[in-house]
Each structure stands twice: as C-alpha cells, then as structure tokens.
Chemist: 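Sharing a structure, written as structure tokens. Questions coming.
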Amino acid sequence: MVPTPDEQRPYGGAATHDVTNQAPPLTPYDASDDTPLLEGLRREGAGWAEEELRRLGRQAGSAQAQEWADLANRYEPELRTHDRYGNRVDEVEFHPSWHHLMRTAIAEGLAASPWGDARPGAHVARTAGGIVWGHTEAGHGCPTSMTYAAVPALRRQPELAKVYEPLLTSREYDPGLRVPTDKRGLLAGMGMTEKQGGSDVRTNTTAATPTAEPGVYTLRGHKWFTSAPMCDVFLVLAQAPGGLSCFLVPRVLPDGTRNTFRIQRLKDKLGNRSNASSEPEFDGTVAWLVGPEGQGVKTIIEMVNCTRLDCVMMSAALMRKSLVEAGHHARHRSAFGARLVDQPLMRNVLADLALESEAATTLTLRLAGAADRAIRGDEGEAAFRRIATAVGKYWVTKRGPAFTAEALECLGGNGYVEDSGMPRHYREAPLLSIWEGSGNVNALDVLRALGREPGTAEALFSEFALARGADARLDAAVARLKDRLSGASQTTARRLVEDMALTLQASLLVRHAPPAVADAFCATRLGGDWGHAFGTLPEAADLDAIVRRSLPGRD
C-alpha cells in the first residue's frame, strides 16, 4: 500500500508544519575564524598561541560547548544557607554545565596563568582566548577575571603571594570549599562595594579590627555586590585603624573551619544569570592585610586595570558572537526574492556592525599588548595603558547594548525568543559598562589621569602620531582633540572620552585594517557621514569587502 502524504510526514505532521526558509543550526563553527582577532594576536606578540587559539575556537563553537552555555543559564545557581541538620554552610550550587565551562576556561589559561608565564605576549594570548571562549557564555568569565586580577594586588603582600599565587595561576579547576593550601588550584573573588556607596568605596563602613597576631584582622560588615561566592579567597576593602585597607579573606581557614561568610541572598540580575552574585555579611571574619593600612585603593589599582581590560574583552566577545549569529541568519534566510545577506540594506547593517566589531577587537588586543609590555617594565606602554584602558572601557562597553540589539533585530522575531540565545546576549551587554566603574567613573578617571599624570596624554598622542598623514579625517580628529583638552571639564568628560576612543580606534584601523574598513570607519565615526543607527553607512562604502572580511567562512 502506498502511504498517504500525511503518513509520509514525520510524526504524522500536516503540510502546514513544513519548516522552510529557516537558518540551520550555527553549530558547529569555529569561533576563532575572526581575521581581525588573528591579525591582532600576531601583531601584539602572541602569534605563538595561534594554534591553541584555533583549537579553542573549534571547541567554543561546538554543539557541546554551546549546550553548556545554554544549560548554565537555564538552570541558575541556587543558594543553600544551611545543611539538613541546621548548620550554616553558605554554599551555592551550580548546574554541571557551569563546572564544564569553568574547567575548560581554567585549563586553557583564561584565569591567572599568564602571571606565571614568562613568554612575551602571554597576557595577549589570554585576552584573545577570552574573546574566543566568550562565544559560549559570559557569566563564568567573572570568576576567571577576578582570579586574574587578584594576583597583582596580592603581590603587594609578598608573604601571602608566595603561598597563594602558585595556586591562583594553576590550570586546574578544583571546586568545593576546602583549606586553600590543600587544593590543586584556587579562584579569587572580590568584595569591594557596599550599599551606601557603590563605586565610592572610601565610604565603606565594614570595619577591620587588628588581632594580637601581626597582619591578621577580623572584619564586621555587609558587602553589596560580591560575585562568585564559591571562590576560595576574596580581596575585600574595609576600614582599618589607619584607613581604608585591602584584605585577603579565605572561605576556609587554615585549620579547616569555615570562615564567617554569611550569604544573605543572591542578586536577581538582568543578565549574567549563570553567575552567582551575592550579599555576604562578615562578623568576626578572619582576614589578612594586603599592602599597608590606609592604602586600600592604591593596592587594588592594578587589579582595576586588569578587570577593566576584561570588560572591554567581554564586550568585544559579545559583539563578535552577536555578529556571527546575525550573519549566519542573513546568509540562510530569504525575503522578497533574495537572501537577506544579498539585500543592500541588510548588507549595510551587517557591514556597519562588522566595522564596530573589528574596531572593538582591534582596540582590545592593543590594550592587551600594552598591558603585557607594561607588566614587563615598558614605561611608555604603562602610560598608554593607564589612559587607553579607561577610554576603551568607557566606549566599547557603551557600544555593546546598541550593537546586540541591532544584531538581534537582524533575526527579527526569531531573535526575540530565548531559544535563539540572542536575548541572553542582549541582557548581558549592559553589565560590562556597569562593572568596574560606570561610564561616569571611567570618564572622570580619564580626567584624573590627564590632570595628575601628564605623560598619559603624551602617550596617547604618540599613538595617534603613528598614523599621521594616512587619513585627513583622522588628522583633523587628532587636531580637534588637542584643542578640546584645554577646556576639559566634568560636564563634557563623556564627549571628550568618546572622541578619544573613536580617534584611537580609527588610528588603529588606518594602520592595520584593509582600506575598505579604515575608510568606512573614518568616514562615519570621524567624518560625520553617518546616521544615528547602525546600517547607515554611505553609498561609497565597500559593503561587500567589509562583509566578506567579517563573517566566518566568508560570504
């Protein structure tokens, strides 16, 4: 007997349920198939890491890793304050996918391992790896970033660094609360802000009382936003007799007892749902002084530089991931008789997003290169890093929300549903602008650097000078910027930093990107031949060249 048409259909489906004109799954794909990223990796001194980066890219784009990312966000961490007997335990339980993501990130050197790597470019390799592995999910990047940033602060207390640094730089993920020195690897968190002050940490009220043992204190107070509470040790700011100071707080004390770390609640956040952010209370909590009393802010300055770089890195990663998703959809979806990617207006949108993504990636790797060389003693790069990291943190993280929204729109209604993953990227994007200082904090920090450290402005303009004469619009932007410096004020600080960022990105693209990319960026971001939304590139822009360069596998 010949089957009826309905019987031929899977599950006896009806003709109305035929699925056509939908993009196939993106996975598997290579998250490292990113020309600006690979070019920047080589240019900034980490070309030796390319083979490992490509391997990580294939893993990040695998169906398994993408499933881990989805599950870690669908099954959010749960707070368990007490065990079955009523004992206070203050633990957070995660879905196994979280641990798979963490284990991979640590093993691939995306936490603190560069501090133990003597190879020039080690910090660049880590940043590039963060952009690639960022194609999975962003939440677990928080504990890896804090662990990375904790090392330079801890070095202010050499006897503590001697004990903990080898474990923080380990590539072994060893979860669970145990005596830190009994573990194969450690993670570090941070407890800086409090409810009354936020970024104004000098208003902190957590009190640190010295004990009879030199360098050992007890803390009492309430922290407002402490992420990854299952980390092994925390850097915490508290008011000691000599003023605001930095302390190391372990979750488990050397004798095996739990340190007092009462988790009052987990934050119900807009995004970053896979990562537990908490409010812990300290009450007789044992802590070790890091750096001199009264110099807490000075002690954590290098830490701040590191975490700000990671904010730029993760924004660049989100942009790239969102662009890849949008481009994939546009290549496979047709409307009005042609593929979306071949429609001139959609091609304009994709090209504009590609410009923004390439500028973000190129700047991120330049900042990572400056950090790597500054850490190794280059004073000129240290001055450039001081101002350029704050500039990049302000601008790139500000662009993230608008970028992810536009990329989501490329998928239309398909992008608005959770299954697409695009809403998760959209909710994540604002975090990077808030974390480690909001836009205003970073803009004011740029003014502070200009006023107190004149060498920073000189370093920035020396960078611009490397592209002098290559593009008249860039030369004009540099001249305008010089004029504006003399009248810089708090009121106009955002505008000044925006101009710095765009000029810096343009100078890097003029030097390192193909003419089609550099010309379109300068024409729009510096020359004003642009609208107010993405997809408003001028008629003269070489859309085909820009899109071909930007999409994995090429168009």
Chemist: Which distance, rounded to the nearest 0.5 Å, do you find between the CZ of Phe94 and the CG of Leu101?
Modeler: 11.5 Å

Chemist: Between Phe403 and Ser322, is any pair of side-chain heavy atoms under 4.5 Å apart?
Modeler: yes

Chemist: Do Arg347 side-chain atoms and Val341 backbone N/O form a donor-acceptor pair below 3.5 Å?
Modeler: yes

Chemist: Quick one: CZ on Arg119 to CG on Asp372, what's the gap to the nearest 0.5 Å?
Modeler: 11.0 Å

Chemist: Run the side-chain contact (heavy atoms from CB on, under 4.5 Å) test on Gln22 and Val19 for me, step by step, so that the C-alpha distance in whole Å, both residues' side-chain angles and the decisive distance to 0.1 Å come before the verdict.
Modeler: CA-CA 7 Å; Gln22 287 281 0; Val19 177; 3.9 Å; yes

Chemist: What heavy-atom pair brings Ala371 and Leu309 nearest, and what distance separates the two atoms?
Modeler: CB-CD2, 4.4 Å

Chemist: Considering only heavy atoms from C-beta outward, does the side chain of Val510 approach that of Cys522 to under 4.5 Å?
Modeler: yes

Chemist: Tell me whether Ser550 contacts the main-chain N or O of Val547 through its side chain, where contact means a donor paired with an acceptor under 3.5 Å.
Modeler: yes

Chemist: Rounded to the nearest 0.5 Å, what's the gap from CG on Leu432 to OG1 on Thr307? Could you check?
Modeler: 11.5 Å

Chemist: Taking C-beta and beyond as the side chain, do His332 and Pro24 meet within less than 4.5 Å on heavy atoms?
Modeler: yes

Chemist: Check Arg480 with Asp483, please: is the shortest side-chain N to carboxylate O separation under 4.0 Å?
Modeler: no

Chemist: When you measure from the side chain of Trp48 to the backbone N and O of Pro120, does any donor-acceptor pair fall under 3.5 Å?
Modeler: yes

Chemist: Using a strict threshold of under 4.0 Å (side-chain N to carboxylate O), is an ion pair present between Glu381 and Arg386?
Modeler: no

Chemist: Sequence neighbours excluded and cut-off under 3.5 Å, please list the side-chain donor-acceptor pairs for residues 526-535, or say none.
Modeler:
residue: Trp530; atom: NE1; partner: Asp352; partner atom: OD2; Å: 2.9
residue: Trp530; atom: NE1; partner: Thr536; partner atom: OG1; Å: 3.3

Chemist: Could you walk me through whether Arg549 and Glu358 pass side-chain contact (heavy atoms from CB on, under 4.5 Å), step by step?
Modeler: CA-CA 10 Å; Arg549 175 175 169 83; Glu358 178 158 353; 2.8 Å; yes

Chemist: To the closest 0.5 Å, what do you measure between NZ (Lys321) and CD1 (Ile131)?
Modeler: 15.0 Å

Chemist: Using every non-hydrogen atom in the two residues, find where Ala228 and Met146 come nearest and quote the distance to one decimal.
Modeler: CB-CE, 3.8 Å

Chemist: Are Arg424 and Glu418 close enough for a salt bridge, meaning some N to O gap below 4.0 Å?
Modeler: no

Chemist: List the steps, then state whether side-chain hydrogen bond (donor to acceptor under 3.5 Å, both in side chains) holds for Tyr29 with His328.
Modeler: CA-CA 10 Å; Tyr29 74 102; His328 176 75; over 6 Å; no

Chemist: If only atom types and distance count, is the side chain of Ser97 paired as donor or acceptor with the main-chain N or O of Ala72 below 3.5 Å?
Modeler: no

Chemist: I'd like to know if Arg74 and Asp419 make a salt bridge, using a cut-off of under 4.0 Å between side-chain N and carboxylate O.
Modeler: yes

Chemist: When you check the gap from the basic side-chain N to the acidic O, do Lys398 and Glu498 get nearer than 4.0 Å?
Modeler: no

Chemist: Could you tell me if Trp133 and His140 have a donor-acceptor pair between their side chains, going purely by distance under 3.5 Å?
Modeler: yes

Chemist: Take Thr492 and Ser489 through the test side-chain hydrogen bond (donor to acceptor under 3.5 Å, both in side chains) and record every step on the way to the result.
Modeler: CA-CA 5 Å; Thr492 60; Ser489 68; 3.3 Å; yes

Chemist: Inspect the contact between Glu436 and Lys393 and indicate whether a charged nitrogen and a carboxylate oxygen are less than 4.0 angstrom apart.
Modeler: no

Chemist: CZ/Phe225 to OG1/Thr193 distance, rounded to the nearest 0.5 angstrom?
Modeler: 7.5 Å

Chemist: Scan side-chain atoms only and decide if Asn272 and Arg427 contain a donor-acceptor pair under the 3.5 Å cut-off.
Modeler: no

Chemist: Does the side chain of Leu466 come within less than 4.5 Å of Ser507's, by heavy atoms?
Modeler: no

Chemist: Go through the steps to decide whether Thr136 and Trp68 satisfy the test side-chain contact (heavy atoms from CB on, under 4.5 Å), and finish with yes or no.
Modeler: CA-CA 8 Å; Thr136 57; Trp68 290 343; over 6 Å; no

Chemist: Going by an N to O cut-off under 4.0 Å, is there a salt bridge joining Glu108 and Arg171?
Modeler: no

Chemist: Within the structure provided, determine whether Asn414 and His329 are in side-chain contact (heavy-atom separation under 4.5 Å).
Modeler: yes

Chemist: Does any N or O in the side chain of Ser62 come within less than 3.5 Å of the main-chain N or O of Gln59, such that one atom is a donor and the other an acceptor?
Modeler: yes

Chemist: Is it the case that more than 12 heavy atoms not belonging to Arg55 sit under 6.0 Å from its CZ atom?
Modeler: yes

Chemist: Considering only heavy atoms from C-beta outward, does the side chain of Ile546 approach that of Leu355 to under 4.5 Å?
Modeler: yes

Chemist: Measure the spacing between CE of Met313 and CG of Leu318 and express it to the nearest 0.5 Å.
Modeler: 10.5 Å

Chemist: Do Glu356 and Arg525 have side chains that approach each other closer than 4.5 Å (heavy atoms only, starting at C-beta)?
Modeler: yes

Chemist: What do you reckon, are the aromatic ring centroids of Tyr148 and His123 less than 6.0 Å apart?
Modeler: yes

Chemist: Can you tell whether the side chains of Glu137 and Arg273 come within less than 4.0 Å, N to carboxylate O?
Modeler: no

Chemist: Could you tell me if Ser278 and Lys267 have a donor-acceptor pair between their side chains, going purely by distance under 3.5 Å?
Modeler: no

Chemist: Any Lys/Arg nitrogen of Asp475 or Arg468 sitting under 4.0 Å from an Asp/Glu carboxylate oxygen of the other?
Modeler: no

Chemist: Run the salt-bridge test on Arg126 and Asp310 with the 4.0 Å N-O cut-off and return the result as yes or no.
Modeler: yes

Chemist: Is there side-chain contact between Lys269 and Ser277, with at least one heavy-atom pair below 4.5 Å?
Modeler: yes

Chemist: Given side-chain hydrogen bond (donor to acceptor under 3.5 Å, both in side chains), test Asp30 with Ser32 step by step and report yes or no.
Modeler: CA-CA 5 Å; Asp30 183 356; Ser32 69; 2.6 Å; yes

Chemist: Could you go step by step and tell me if Gln505 and Trp395 meet the side-chain contact (heavy atoms from CB on, under 4.5 Å) rule?
Modeler: CA-CA 10 Å; Gln505 287 182 321; Trp395 181 243; 3.5 Å; yes

Chemist: Strictly distance-based, threshold 3.5 Å: is any side-chain N or O of Asp117 a donor or acceptor partner for the main-chain N or O of Ser113?
Modeler: no

Chemist: Charged N to carboxylate O below 4.0 Å: is that the case for Arg320 and Glu325?
Modeler: no

